[in-house]
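The next block holds one structure in the form of structure tokens; read it before the comments.
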Amino acid sequence: MPNSVASQTLFLYSTTVSDVGTVRSNNQDSAFAGEHLIAICDGMGGHAGGDTASTIAIRSLAHIEHDDVNGDVSTVARMMETSVMAAHDAIVGKAKRERKLAGMGTTMTAVALVAGYWVLAHIGDSRAYLLRDGRLTRMTQDHSYVQHLIDTGRISPAEARNHPQRNVVMRVLGDFDIDPHPDIAIRAAHPTDRWMLCSDGLCGVLEDSTIEQTLTAYSDQEECAQQLVSMALKAGSTDNVTAVIADATLALDADAFDLPHQTPLVAGAASASLEPIADILNEPVATAPMLRDANASPAQRAAALIQSQPASQPSPRVAQPSAVREENGERANPDTGEIPVIQKRDGHVTDDPNDPDVAKAIHHERQTQHKETRKRGRRNRLIAILIVIAALALATGGAFGAYRWSQTKYFIGNADGVVAVYQGVNTNVFGLALSHEVKRTNIDIDSLPQAWRDQLQDGITFNSYDEAIQHVQVIRQEKSNFNDNSNTSKSSGDAGNGTSDSSDSSDSSGSNGTDGDSSAGSSQTDGGTADGTAGDTGTDASSTGTDGGDAQ
């Protein structure tokens with residue numbers, strides 16, 4: 001990828017604003033705004049899981065802020081893809097270690113300025129918009145179920161806004177059996193380019209025309225972000241709302257002493273732990289400005305009190321890297337929690353475990369802990385017995401009520417190896433099945449992609465019979481597409497087997513190997529070209545996850 005002559009004179013100014021909103025109890029969005037990198041992540045998976053997943057993703061990407069590899073655009077593009085995959089692996093690993101976080105995930109949309117080019121990485125349904133010469137262009141495609149319906153002509157964009165499955169995402173980073181490879185695109189950067197990244201709490205309620213008008217009307221970045229987030233909340237957004245605004249600036253003298261500089265900003269869930277990000281960058285980072293709203297309702301003010309950033313901390317808060325914290329004495333001494341500190345009769349203080357007084361104190365602490373453990377054990381057993389008694393008392397009435405409610409639901413599942421529609425829910429209460437088969441199709445489950453088979457094994461739930469039948473048609477179409485793709489791949493493979501021995505030793509379409517930049521069998525994205533055109537983005541609509549918008 002050739003470097004642009006103007007690459008040394010383009011600088012990035014950015015800011016971000018994130019708000020918990022009027023409904024959510026915590027902010028699961030995370031955002032980063034730096035001099036070379038901007039990113040937005042929308043977490044999902046419950047109260048704790050969404051926070052954790054989006055924070056992990058931001059930490060995984062943050063190093064790109066200073067790791068530009070001397071302006072090598074192709075290397076940074078590969079680095080961004082690798083960082084996204086690393087975030088996926090970290091989220092999955094943490095979910096396996098802490099079962100309460102099972103099912104957590106996050107979207108991710110990031111843009112880096114490298115040598116006069118924009119490098120865009122995207123997965124999920126957060127969005128990136130580019131305002132150039134007064135014209136707004138949406139640079140990402142939602143990896144969502146409703147976008148798939150739009151692409152296949154089943155619904156219109158207007159219908160998608162109120163579709164019951166509008167928050168179902170088909171590609172995310174996290175604890176799901178979903179392809180985690182991001183879309184990667186490269187586009188030539190122009191002076192005065194303005195980027196806006198946002199979570200679906202903003203673009204889900206504001207029209208593109210409104211976004212374009214606001215980005216054009218407000219030249220000040222922070223004021224623009226404040227206005228966009230505020231308008232989304234006033235428009236009725238029930239989700240966390242986050243916006244990142246970034247402008248490309250042309251410096252007149254690239255060798256000047258006072259080059260443009262800003263402290264990277266972190267917003268949302270990731271702002272609760274600034275120090276690890278400061279250590280990654282080895283430079284100070286700060287919390288992003290809070291949403292200014294003098295007319296906030298009592299519900300808004302109450303929600304703001306329980307955001308992830310502690311109320312006792314000033315805003316913005318600046319975190320220094322570990323080396324500076326050590327020099328300033330801000331790093332607390334580690335506490336082993338095992339050896340007590342004893343003051344002797346002569347006033348001498350010691351924590352030597354060989355000292356008789358220290359050994360006696362250790363023995364006393366262990367006895368106290370043992371007694372407390374036994375008390376907690378007895379208390380927990382008593383509570384468990386009471387819970388069991390209460391549960392048995394409610395079971396009879398609850399089972400009948402659950403059955404009546406269950407019959408208002410439908411799901412698609414496996415019936416002797418074929419797809420079938422069931423009325424009820426895919427479970428039972430005390431041996432009483434809460435579903436029964438109402439329609440059996442001729443779609444063989446073994447002929448479907450693995451992702452569909454996994455979902456059908458657990459059952460895909462709908463609120464009405466018509467929705468279930470509509471989804472059956474989608475599965476039938478996906479089966480046809482899958483079979484067509486399989487036949488095409490087989491034909492390509494047969495053609496590859498017919499090549500000469502010399503072609504076998506080179507990188508060919510029939511090879512099962514992988515080169516250093518791509519992975520066989522995975523969804524790959526064309527990195528784009530140096531002439532300023534955006535790279536092709538690839539999507540895989542084979543599986544679903546649930547966005548934090550309705551996952552609470």
Side-chain angles (χ1 to χ4, degrees), residues 4 6-18 29 31-41 61 64-65 73 76 80 108-122 126-141 185-203 205-232 241-252 259-267 288-289 291-292 528 532-535:
S4 169
S7 64
Q8 302 301 317
T9 61
L10 278 181
F11 296 89
L12 190 65
Y13 280 112
S14 63
T15 191
T16 178
V17 173
S18 182
D29 290 354
F32 182 91
E35 293 181 294
H36 304 286
L37 173 73
I38 54 175
I40 173 74
C41 299
L61 288 167
I64 298 173
E65 170 70 8
V73 180
V76 173
M80 290 185 74
M108 191 286 303
T109 301
V111 177
L113 175 61
V114 185
Y117 287 90
W118 301 117
V119 181
L120 170 65
H122 167 70
S126 297
R127 291 183 181 177
Y129 292 86
L130 176 61
L131 183 69
R132 174 175 290 177
D133 298 329
R135 180 179 179 183
L136 186 69
T137 303
R138 179 175 152 193
M139 302 299 295
T140 56
Q141 183 179 34
I186 299 175
R187 186 183 182 97
H190 291 183
T192 72
D193 278 354
R194 166 167 281 193
W195 285 91
M196 195 277 283
L197 312 185
C198 66
S199 59
D200 66 339
L202 189 150
C203 57
V205 297
L206 296 184
E207 298 287 348
D208 287 1
S209 58
T210 302
I211 295 174
E212 179 178 356
Q213 181 180 5
T214 305
L215 290 174
T216 304
Y218 293 90
S219 59
D220 183 83
Q221 296 167 333
E222 181 178 341
E223 187 62 28
C224 184
Q226 294 277 350
Q227 287 293 328
L228 286 168
V229 173
S230 179
M231 287 191 297
V241 182
T242 303
V244 182
I245 305 296
D247 293 333
T249 302
L250 182 65
L252 297 179
L259 291 175
H261 175 73
Q262 71 168 68
T263 299
L265 302 177
V266 181
L291 177 65
R292 298 191 304 267
T533 60

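This one's a predicted model, so the numbers in the text were calculated from it and none came from an experiment.
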To the nearest 0.5 Å, what is the distance between [atom1] ([X]) and [atom2] ([Y])?
X	Y	atom1	atom2	value
T109	Y129	OG1	OH	11.0 Å
L113	W195	CG	CH2	10.5 Å
L228	L291	CG	CG	11.0 Å
Q213	Q227	CD	CD	11.0 Å
L206	C198	CG	SG	8.5 Å
D208	T137	CG	OG1	10.0 Å

Are [X] and [Y] packed together at the side-chain level, in the sense that at least one heavy-atom pair is separated by less than 4.5 angstrom?
X	Y	value
L265	P289	yes
R187	L130	yes
L215	C224	yes
L202	M196	yes
F32	E65	yes

Under the side-chain contact (heavy atoms from CB on, under 4.5 Å) test, residues paired with T192 that sit two or more places apart
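With sequence neighbours excluded, T192 shows a side-chain contact (heavy atoms from CB on, under 4.5 Å) to no residue whatsoever.
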
Could you list the residues that satisfy side-chain contact (heavy atoms from CB on, under 4.5 Å) with Q221, not counting sequence neighbours?
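Q221 satisfies side-chain contact (heavy atoms from CB on, under 4.5 Å) with Y13, T15, R194, I245, D247 only.
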
Which atom names give the shortest non-hydrogen contact between [X] and [Y], and what distance separates them?
X	Y	value
A248	L12	N-CD1, 4.2 Å
S126	S199	OG-CA, 4.0 Å
L131	L136	CD1-N, 3.8 Å
M80	A112	SD-CB, 3.9 Å
T210	M231	CG2-CE, 4.3 Å
A33	Q262	O-NE2, 3.4 Å

[X] side chain to [Y] backbone, donor-acceptor under 3.5 Å:
X	Y	answer
E35	F11	no
H36	I64	no
Q226	R292	yes
T16	A243	yes
S14	G34	yes

Assess the residue pair Y117 and V76 against the criterion (side chain to side chain contact (heavy atoms under 4.5 Å, CB included)); give the C-alpha distance rounded to whole Å, side-chain angles, the decisive distance to 0.1 Å, and a yes or no.
CA-CA 11 Å; Y117 287 90; V76 173; over 6 Å; no

With a 4.0 Å cut-off, would you call E212 and R138 a salt bridge?
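No, E212 and R138 are not salt-bridged.
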
Applying side chain to side chain donor-acceptor pair (under 3.5 Å), run through D29 and S18 and close with a yes or a no.
CA-CA 7 Å; D29 290 354; S18 182; 4.7 Å; no

